[in-house]
Engineer: 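Can you keep this structure in mind? I'll have questions shortly.
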Amino acid sequence: MHVIFKKLTKSFEETLLESLIKHEKKEEFEKIRKNLINHASKEEFGDYQCNICLVLSKIYKRNPREIANTFVKKLKENKNISYLCENLEIAGPGFINIKLKNNILIEEIKSNIKCPRAGVPLSNEKSKSGFPKKIIVDFSSPNIAKEMHVGHLRSTIIGDSIAKIFELRGYIVLRLNHIGDWGTQFGMLITQLKDLYSNDLKEIDKIKISDLVEFYKVSKKRFDNEIEFQYRSREEVVKLQNGEKKSIKAWKLLCNQSRKEFDEIYRRLNIKIKERGESFYNPFLKSIVNDLNYKKLLIEDQGAKCVFLDGMINKEGNPLPLIIQKKDGGFNYATTDLAALKYRFNKEPYGDNANRIIYVTDHGQANHFAAVFQVAQKANWIPENCEVNHVPFGLVQGIDGKKLKTREGETIKLKDLLSESVKKAKEDLIKRLDHESRNENDEFILNTSRVIGIGAVKYADLSQNRITNYQFSFEKMLSLNGNTAPYLLYTLVRISGIKRKNNIKEDNMNLESISFSHDLEWKLIRKLLKFDEVIISIEKDLMPNRLCNYLFELCQTFNRFYDQVSILKVEIDTKISRLKLCELTGKTLKLSLDLLGIESLERM
RNA sequence: GGGGCUGUAGCUCAGUAGGAUAGAGCAACGGUUUCCUAAACCGUAGGUCGUGGGUUCGACUCCCUCCAGUCCCGCCA
């Protein structure tokens, strides 16, 4: 209904301007225009509401209801408005409640039933070249030689969902995995590798990542305790940076080992992402320093080359620096992030030609990104009409409110967490099958519990407002009640059930004769028509939990309808009308679950 | 010391853009099954929206004070 909302806003704007042409207070009216009509705060008020009469009352020093009377009279003269609206009702101190005509809603519903995107319009935003805008979503980003853990879960799931929403809207989306594949830690890893496997490095193919994680720990311990090891590790870093063959080979082997494990996780989560690690930007690091220096932003302080930041100070009250080059000449993550940002905005073939870059990382990096963005701004690396967003998110906590850990106090591995969820989903399923005396084959049980288990983990994460920390609880996320994946999946299963039992052929289900009379039908229709606006709001604010909230409400509305309204045992026209509502609900739900990265089920 | 974020029902959380009586789920209590999967639905109860000010016709929402929790603050990412 986004299009109708826009049309209506425009018509209201016209009418307002017409009625105000004799008056002068233009600046105040500009403010009013921004917020002419809103969604009704409650269903009983209608579809939209207009609150400006209360504001106008102050400006004109007249009774708001009087103003509303005059304004409504004018509005009714506007043909577009009378075409769309049933009535304009003045309520309370001077609100105007707006109700759309039934036939307008039915036309919308019909058009959404035919639309493969369930009514979501393609974005009409274009870049300068006339192509759709290009959005880079930077997410997941695990580190080589370290196991992926729950910390990577949120980034991966939220990033994937945001990317999918932009794709649905017709943008060109580049999903980038900014893997930690470079840095001083490789010095110690390679040195350890050489110590253990001699210099031929053939046997490393046999190492598994779990060993590699252990391997990392051992290397770190040696690095911290053995001076001689430390010395060789530092030498190894230099060798690696100079591109010495053996060192590069060892580095690649380490990366490959890790990649295998990452890919396995992405396969299970069904995540598509392009790997482009930090090392990709190595060739551009020097030019970052040069460019900043050329633009007179670079200041040497205590041997390090820094850009000092506005509005940020350190403990001593001095301006905070962003270190671009360390005193030993090495670069750090800030430099890499700047190089990446610059490259991504650069024109092809020397860059990605992006219009918007979205970074999905934990909230702890908020300061870091604020600093990086500020420097990029100062250096003029963010082109006109382009933007960067940091999408921060809170911690995953255990039920105790502390950081999620195993009983032994270890970080929980992502693969174990997923397996656990699937296992619990399977136990629940088997219990239920037993209880209902149902017989299902192994394939059904495996697939259903997999979809529920993985879906539950994803949904639990996405349904939270990402800013806040959230408590990870298998019991809650797998619960069949409440705002959970199983509840949504069950609603879809109900719809599939109706579809199976329906004996009218698709060809005989004519859209033209649909009509509605039941209150719950209209509630469902209005809920269905809000879908596109939810998607558009997420595109702006990058809050996927809004989609989850919407879906939960949609399912609640549908389940009430399902419970109280007969669908299959009614006369033919009513039956077709109701089946069509089921169809659109199913399509919206399935499409949305896909946007959240969750698979659907026909039966469960 | 500076900065970010958070504080809403017993618990876990929603609450675009300031709008009319503050919204769910869980937990508690009660009800609904000749019917499309009851994994559902309906009802009852539960709130000084951390505190105190301010702006406004109107504040959970915007501004300031304070309190509590948490994260970040120079060569790790």
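Here is how names work: the chains are called A, B, and so on, in the same order as the sequence lines, proteins then strands, and each is numbered from 1.
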Engineer: At under 4.0 Å between heavy atoms, what does A:Val565 touch on the DNA or RNA strands: base, sugar-phosphate, or nothing?
Structural biologist: base
Engineer: Parallel, tilted or perpendicular, judged at 30° and 60°: which one describes the rings of A:Phe474 and A:Phe472?
Structural biologist: perpendicular
Engineer: Taking atom P in both B:C67 and B:G25, compute the distance separating them and give it to the nearest angstrom.
Structural biologist: 38 Å
Engineer: Base, sugar-phosphate, or nothing: which does A:Cys306 touch, judged by heavy atoms less than 4.0 Å apart?
Structural biologist: base
Engineer: In whole angstroms, how far is the P atom of B:C35 from the NZ atom of A:Lys575?
Structural biologist: 17 Å
Engineer: Figure out the CD1/P separation between A:Ile536 and B:A17, and round it to whole Å.
Structural biologist: 15 Å
Engineer: Indicate, with a heavy-atom threshold strictly under 4.0 Å, whether A:Pro321 touches base, sugar-phosphate, or nothing.
Structural biologist: base
Engineer: By the 4.0 Å heavy-atom rule, please label A:Leu54 as base, sugar-phosphate, or nothing.
Structural biologist: base
Engineer: Would you classify A:Lys569 as touching base, sugar-phosphate or nothing, given that sugar-phosphate means primed atoms plus P, OP1 and OP2, and contacts are heavy atoms under 4.0 Å?
Structural biologist: sugar-phosphate
Engineer: Base, sugar-phosphate, or nothing: which does A:Asn367 touch, judged by heavy atoms less than 4.0 Å apart?
Structural biologist: base
Engineer: Which one is paired to B:C49, where only Watson-Crick or G-U wobble pairs with both distances under 3.5 angstrom count?
Structural biologist: none
Engineer: Answer yes or no: side-chain N or O of A:His368 and base N or O of B:A77 forming a donor-acceptor pair under 3.5 Å.
Structural biologist: no
Engineer: Reckon A:Asp337 touches a base, only the sugar-phosphate, or nothing at all at heavy-atom distances under 4.0 Å?
Structural biologist: nothing
Engineer: So which nucleotide does B:G25 pair with, by the Watson-Crick or G-U wobble rule with both distances under 3.5 Å?
Structural biologist: B:C11
Engineer: Is it the case that the base of B:U37 and the side chain of A:Arg603 share a donor-acceptor contact (distance under 3.5 Å, atom types as modelled)?
Structural biologist: no
Engineer: Under 4.0 Å, counting only non-hydrogen atoms across every strand here, what does A:Leu320 touch: a base, just sugar-phosphate, or nothing?
Structural biologist: sugar-phosphate
Engineer: Work out which heavy atom in A:Lys146 is nearest to a heavy atom in A:Phe262; give both atom names and the distance.
Structural biologist: O-CE2, 3.8 Å
Engineer: Go through the N and O atoms of the side chain of A:Asp301 and the base of B:G74, and report whether any donor-acceptor pair is under 3.5 Å.
Structural biologist: yes
Engineer: Could you walk me through whether A:Arg450 and A:Asn447 pass side chain to side chain donor-acceptor pair (under 3.5 Å), step by step?
Structural biologist: CA-CA 5 Å; A:Arg450 181 186 61 81; A:Asn447 186 57; 2.9 Å; yes
Engineer: Taking the six-membered ring for Trp, does A:Tyr562 stack with B:A40 (centroid gap under 5.5 Å, planes within less than 30°)?
Structural biologist: no
Engineer: How close or far is atom C1' of B:U16 from atom CZ of A:Arg466, stated in whole angstroms?
Structural biologist: 13 Å
Engineer: In whole Å, I'd like the distance from the CG atom of A:Leu322 to the P atom of B:A77.
Structural biologist: 12 Å
Engineer: Report yes if a donor N or O on one partner sits less than 3.5 Å from an acceptor N or O on the other, where the partners are the side chain of A:Asn559 and the base of B:A38; otherwise report no.
Structural biologist: no
Engineer: Using a 4.0 Å heavy-atom cut-off, does A:Gln464 contact any base of the nucleic acid, only the sugar-phosphate backbone, or nothing at all?
Structural biologist: sugar-phosphate
Engineer: Quantified in whole Å, what is the P atom distance between nucleotide B:G15 and nucleotide B:C5?
Structural biologist: 16 Å
